Colleague: 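Submitted below is the structure of interest, expressed as structure tokens.
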Amino acid sequence: MSYNFKEIESKWQHYWQIKNVFSSNEDDSKTKFYVLDMFPYPSGSGLHVGHPLGYIASDIYSRFKRLKGYNVLHPMGYDSFGLPAEQYAIQTGQHPEITTKNNILRYRKQLNKMGFSFDWKRELKTSDKNYYKWTQWIFKQFFNSWYCIKDNKAKPIKLLIQIFEKEGNLNIKAHSNKVLKFSKDNWVAMSKNEKENILLCYRLAYMDETLVNWCPELGTVLANDEVKDGFSERGGHPVIQKKMEQWFLRISAYSQRLLDDIKELDWTHSIKEQQINWIGKSNGALVKFKVRKENDKNENYIIEVFTTRPDTIFGVTYLTLAPDHKLISKITAKNYHERVSNYVVKTNKKSERERLSDVKEVTGEFTGTYAIHPITKKEIPIWISEYVISSYGTGAVMAVPAHDLRDFKFAKKFNLPLIKVISSKDNDNEIYSGKEGKLINSDFLNNLGVTEANNKVINFLEKNNIGLMKIQYRLRDAIFSRQRYWGEPFPIYFKLGIPKILDDDKLPLELPSIEKYLPTKEGDPPLARSKNWEYKNNMPFEKNTMPGWAGSSWYFLRFMDPKNSKEFVSKDKLNYWGNVDLYVGGSEHATGHLLYSRFFTKFLFDTGHININEPFKKLLNQGMILGKSNFVYRIKDSNTFVSYGLINKYEVIRIHVDINLVKNSVLNIKRFKEWRQEFKESEFILENGKYFCGVETEKMSKSKYNVVNPDEIIDNYGADTLRIHEMFLGPIEQYKPWNTNGINGVHNFLKKIWKLFHDDYGGLKFNSIKPSSEILKVLNKTIQKVEEDIESFSFNTSISSLMVLVNLLTNSKCYSKKILEKLVLILSPFAPHICEELWSKLGYNQSIVYQKYPSVNTKILEEKSYLYPVSFNGKMRFKLEFSLDQDKIEIEKILLKHDKVKHYIQNKKIMKIIFVPKKIINIVF
RNA sequence: GCCUAGGUGGCGGAACUGGUAGACGCGCUGGAUUCAAAAUCCAGUUUCCUCGGAAGUGCGGGUUCGAUUCCCGCCCUAGGUACCA
């Protein structure tokens, strides 16, 4: 009887489902273990072979942990709000809900065919109103909170109001937008609206104006990478920088805590590093520069700069402001107005990304105005330049061309002076940005080192009220509004222009049905199309929706208690399951999802709703499986295609071609012509009668026609083979191109196991013959190695050690029941279907899922002797066996007499003999 | 530019804290079986040669009895980030 994987796999998938084998409940008698995959967006094209890589790893781990006696929580759900479904709705008019539902059904089917051990009773989707009710509820908590710097945590807004009533904001230390100081009396005298506006500056969810990439033609805001050279990537319509009122979450308040707690996480070094850079902490000082009064102006203007090198303050020779700095129009001298405003207009057209990425060209403009150096009182010119960004620091820098490369380039270009204030070893260089050396030309700082000078000058600045120490973060508050339909509506309505939050009993605020999914003619988001999108018939609801990461920033909590209608998660369940022990997903979410989830967790911790401070203890990043794309080359402005080897002779355009039309790089021309209408009449220039395609490795995607679907492989080889093949491809974290080259080998491995159990006629052949000591030794080694390797996520090596065992059993015709039982147990996390089947054939009627992982018999593994590699001058020549209790002197004696040793030494003198027990013998001559 | 990860046979990849380089699998070669093919099984497979060896883990140095592993300099690939003051 041969290995009929189709029958076996559907049999056990059905069994797991009807017996609810993977459903998990809180059980105090067992230790919990929470294994989570980053939940997918259910796209229209279904799963491709790259998706399951992480799911297979987490499934193996989950099944292994169950065998080790843990109570495993292993759920799956869908991040189902998002753009593709909305795009599809715009094109076809089909409601995104329907698209999403169909896609999810397909995903679920595909996931089940892989034999994953998900607890489907906990399945959730972010677009479900019973889920987004709680996303809205969490937003409400943000809205009703402020961040107290003194206690370093979020607190209820009610508390802030009490403080204002007592003492205004005179003593408050809080993360906020710019607010004027007011006293208790000021506060009491304010109107309701004025108060609300002030509170809005302190809330953790707040509204503010910001510049966005607005595309009038598309009626929508575009992300930075959707804009190319001032035009939209899709459609090529002009894009302008427009000020818009948007919701923000005050993640910047958490910068330091997000930074501090990274140390405790068991994440890869590179992901941690990415988050640290993203948060971007720098220590420095704020320094105030007075602007010199012009004859026609009487006002006192002060420019505040942020610097990380206050020690170089005597080297400042000019100031540079961002082109959108708010003082520019006020301070620019008359004769310079035209040039400056031209420059400002020019830079406004570019997106910030473009401004910063186009670094080759140094541009700038003099304002005609001078500032006064706060210490030397000398006059220094004020310039503007696009290399300064208004959203970082104060939007102004003090330029020290002698010790900063950017300032140096700028000064060179515009012939600005340079003052050297640090003497360095490389004294010849005009520019030195290092920190070694002594201060010169710096008055009271002379002869000090950089660090001392820094401390001293900050002291001086603070004493004289011209500056103060300051820690700056790069991390900016996160924009939380999207001008889209398919997302969570904000639980917000506006009363006289002031945002108000809905009461809990009004949640969820459901997404209304609309006719069309496009923005309105006036440029309002799609929700503006809904009639009666207002509260109590006269107060309009917020028309924006929340971004994709709103729902995904807390879903790991909901899985613990997915059906709860009273709370987003109950305290009991949270106490039991705690944080995610193992989180598996792609490293592309390093600074997005993973940072936002940490932020949400810390906030919910502050507000007392949860008792964990970090969401994901251990993070495993699976590498992407890349596709192999094929290309054809069309001669420009023609319908003729050139074979790959000849493309240098023509001017050609590269076009993706469906990989199903290509075999071994050779194009099937007939099928290609049928593929698309436009290619029907095409002609070909061939090589040796064949059309060769170009090949490149890139991300799998529908638009690249390089997607390989797992269904076909499961049909041909079965899910167990696919699971092992993907794991055997290499280390889980590595990026690798998809190939099926080795799949036969893996499939053979399973067939070999099947044959250990069955004879050619379908009879079972396991027996009770005592296995050899060698087999026992290898078996125990394998049990140990598989366990160690699963724990270190090195699945490829655990599989190869299983192969070694199976090869040995096959070659030595060992069919011992005791041995085979253990083999099936340790293999079952990898190939669960075949193992369930064999387990039942061994005579057990309980599922293998909750059996016990076999323990290692360490006695068997103990060695009495060791086969030493004997090397000469470090080069291994032959092997000799010695007992482990022979000492060095004894062994040396034997060696010196040995014929082979004499042969390699010949007549030379032995300098020494190195003997490392259980490792090596090295004879040096 | 900076940060991070990596570079080992024809290919995917092994090698624990410095100790037998190339486990395991693919592919390839030869053989068995077969009318034949598929499947299966057995043997071989880093390179070079004079069959005794010699070289060999991106390149060039160094430390060491011994380096894929540690140190210094460089090259290449992938990911991230970018006038961040």
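Proteins come first, then strands; the chains are lettered A, B, ... in the order of their sequence lines, and each starts at number 1. This is a predicted model, so every value here is computed, not measured.
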Colleague: Between B:G9 and B:U68, how many Å separate the two C1' atoms, rounded to a whole number?
Modeller: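 Each nucleotide's C1' atom is 14 Å from the other's.
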Colleague: Take atom OH of A:Tyr717 and atom C1' of B:A39, then tell me their distance rounded to the nearest Å.
Modeller: 13 Å
Colleague: Base, sugar-phosphate, or nothing for A:Ser270, non-hydrogen atoms under 4.0 angstrom?
Modeller: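 It contacts sugar-phosphate atoms only.
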Colleague: Which value, rounded to the nearest 0.5 Å, describes the distance between A:Lys470 atom NZ and A:Leu286 atom CG?
Modeller: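 That separation rounds to 5.5 Å.
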Colleague: Expressed as a whole number of angstroms, how long is the span from A:Arg406:CZ to B:A85:P?
Modeller: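 Those two atoms, CZ and P, are 7 Å apart.
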Colleague: Can you check ring-ring contact (aromatic ring centres under 6.0 Å, His included) on A:His589 and A:Trp549, steps first, answer last?
Modeller: CA-CA 11 Å; A:His589 300 105; A:Trp549 53 274; over 10 Å; no
Colleague: Going by an N to O cut-off under 4.0 Å, is there a salt bridge joining A:Lys777 and A:Glu863?
Modeller: yes
Colleague: Determine which bases of RNA chain B form Watson-Crick or G-U wobble pairs with both distances under 3.5 Å, and write the result as a 5' to 3' dot-bracket string with | for other-strand partners.
Modeller: (((((((..(((......[....)))((((((.......))))))(((....)))..(((((..]....))))))))))))....
Colleague: Whole angstroms only, please: what is the CZ-P distance between A:Phe793 and B:C16?
Modeller: 19 Å
Colleague: Take atom C1' in B:U46 and the same atom in B:U29, then report the distance between them in whole Å.
Modeller: 16 Å
Colleague: Which distance, rounded to the nearest 0.5 Å, do you find between the CH2 of A:Trp278 and the CG of A:Leu475?
Modeller: 8.5 Å
Colleague: When we call it a touch if two heavy atoms are under 4.0 Å apart, what does A:Asn811 touch: a base, just sugar-phosphate, or nothing?
Modeller: sugar-phosphate
Colleague: Is A:Asn748 near enough to B:U40 that one of its side-chain N or O atoms lies under 4.0 angstrom from OP1 or OP2?
Modeller: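 So the side-chain polar atoms of A:Asn748 do come within 4.0 Å of the phosphate oxygens OP1 or OP2 of B:U40, strictly under.
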Colleague: Write down the distance between CZ (A:Phe408) and C1' (B:A85), rounded to a whole number of angstrom.
Modeller: 17 Å
Colleague: Which value, in whole Å, describes the distance between the C1' atoms of nucleotides B:U33 and B:C42?
Modeller: 11 Å
Colleague: For A:Asn873 and B:A54, give me the distance from atom CG to atom P, rounded to whole Å.
Modeller: 11 Å
Colleague: Is the NZ or CZ atom of A:Lys765 positioned over A:Tyr815's six-membered ring, under 6.0 angstrom from the centre and within 45° of the axis?
Modeller: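 Relative to the ring axis of A:Tyr815, which defines the angle, A:Lys765 lies inside both limits.
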Colleague: Between A:Lys435 (NZ) and B:A85 (P), how many Å, whole number?
Modeller: 10 Å
Colleague: Identify whether any heavy atom of A:Lys752 sits under 4.0 Å from a base atom; if not, whether one sits that close to sugar-phosphate; answer base, sugar-phosphate or nothing.
Modeller: sugar-phosphate
Colleague: Look for any protein N or O under 3.5 Å of an N or O in nucleotides 11-13 of chain B and output each such pair with its distance, or none.
Modeller:
unit_1, atom_1, unit_2, atom_2, d
B:G12, O2', A:Leu729, O, 2.5
B:G13, OP1, A:Gln734, OE1, 3.0
B:G13, O3', A:Asn796, ND2, 3.4

Colleague: Expressed in whole Å, how much space separates the P atoms belonging to B:C71 and B:A78?
Modeller: 25 Å
Colleague: Just compare B:A85, B:G19, B:C3 and give me whichever is closest to any side-chain atom of A:Asn277.
Modeller: B:C3
Colleague: Side-chain N or O of A:Arg877 versus OP1/OP2 of B:G66: is the shortest distance under 4.0 Å?
Modeller: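 Checking B:G66 against A:Arg877, no side-chain N or O comes under 4.0 Å of OP1 or OP2.
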Colleague: Is B:G66 in the syn or the anti form, by the rule that syn lies within 90° of 0?
Modeller: anti
Colleague: What is the nucleic acid contact for A:Lys470, judged by heavy atoms within less than 4.0 Å: base, sugar-phosphate only, or nothing?
Modeller: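 No contact.
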Colleague: Quick one: OG on A:Ser865 to CG on A:Leu867, what's the gap to the nearest 0.5 Å?
Modeller: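 With rounding to 0.5 Å, OG (A:Ser865) is 8.0 Å from CG (A:Leu867).
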Colleague: Please tell me which of the listed nucleotides, B:A5, B:A85, B:C65, lies nearest to the side chain of A:Thr308?
Modeller: B:A85
Colleague: Which distance, rounded to the nearest 0.5 Å, do you find between the CG of A:Leu729 and the CD1 of A:Ile724?
Modeller: 13.0 Å
Colleague: What pair of heavy atoms forms the shortest contact from A:Phe414 to A:Val362, and how long is it?
Modeller: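 For A:Phe414 versus A:Val362, the nearest heavy atoms are CE1-CG1, 4.2 Å.
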Colleague: A:Val388 has a side chain; which of B:U20, B:G25, B:A85 sits nearest to it?
Modeller: B:A85
Colleague: Under 4.0 Å between a side-chain N/O of A:Tyr392 and OP1 or OP2 of B:A85, yes or no?
Modeller: yes
Colleague: Rounded to the Å, how far apart are A:Ile921 CD1 and B:G19 C1'?
Modeller: 12 Å
Colleague: Between A:Lys875 and A:Lys912, who's closer to the 5' end of RNA chain B by nearest nucleotide?
Modeller: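 Looking at the nearest nucleotide for each, A:Lys875 comes out on the 5' side.
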Colleague: Between B:C48 and B:G60, how far is it from one C1' atom to the other, in whole Å?
Modeller: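 Result for the C1' pair: 23 Å, nearest Å.
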Colleague: I want to know whether A:Tyr318 and A:Phe366 have ring centres closer than 6.0 Å.
Modeller: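 Ring-ring flag for A:Tyr318/A:Phe366: false, centres at least 6.0 Å apart.
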Colleague: Please pick, from B:G19, B:C65, B:A85, the nucleotide with the shortest atom-to-atom distance to any side-chain atom of A:Val924.
Modeller: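 Closest nucleotide to the A:Val924 side chain: B:C65.
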Colleague: May I ask you to say what A:Val397 touches in the nucleic acid, namely base, sugar-phosphate or nothing, with a heavy-atom cut-off under 4.0 Å?
Modeller: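 Since a base atom lies under 4.0 Å of A:Val397, the category is base.
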Colleague: Of A:Lys785 and A:Asn807, whose closest RNA chain B nucleotide lies nearer the 5' terminus?
Modeller: A:Lys785
Colleague: For nucleotides B:G19 and B:A67, find the distance between their C1' atoms and express it as a whole number of Å.
Modeller: 10 Å
Colleague: May I have the step-by-step check of side chain to side chain donor-acceptor pair (under 3.5 Å) for A:Thr363 and A:Glu386, ending in yes or no?
Modeller: CA-CA 7 Å; A:Thr363 66; A:Glu386 56 182 347; 3.0 Å; yes
Colleague: Roughly how many Å apart are B:U45 and B:A36, using the P atom of each and rounding to a whole number?
Modeller: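 Result for the P pair: 29 Å, nearest Å.
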Colleague: Give the ring-plane orientation class for A:Phe915 versus A:Tyr868, where under 30° counts as parallel, over 60° as perpendicular and anything between as tilted.
Modeller: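 Tilted.
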Colleague: Which part of the nucleic acid does A:Ser801 contact within heavy-atom distance under 4.0 Å: base, sugar-phosphate only, or nothing?
Modeller: nothing
Colleague: What distance, rounded to whole Å, do you find between the two C1' atoms, one in B:G6 and one in B:G53?
Modeller: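 35 Å, rounded to whole Å.
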Colleague: Let me know the distance between CG of A:Leu756 and P of B:C41, rounded to the nearest Å.
Modeller: 11 Å
Colleague: So, taking the atom named NZ in A:Lys736 and the one named CG in A:Leu626, what distance separates them when rounded to the nearest 0.5 Å?
Modeller: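 Here the interatomic distance stands at 9.5 Å.
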Colleague: Check every strand shown and say whether A:Val804 touches a base, only sugar-phosphate, or nothing at a heavy-atom separation below 4.0 Å.
Modeller: sugar-phosphate
Colleague: Applying a 4.0 Å non-hydrogen cut-off, can you work out what A:Asp407 is touching in the nucleic acid: base, sugar-phosphate, or nothing?
Modeller: nothing
Colleague: A:His269 side chain: which of B:G80, B:U4, B:C65 is closest?
Modeller: B:U4
Colleague: Would a line drawn from the ring center of A:Tyr717 to the ring center of A:Phe5 be shorter than 6.0 Å?
Modeller: no
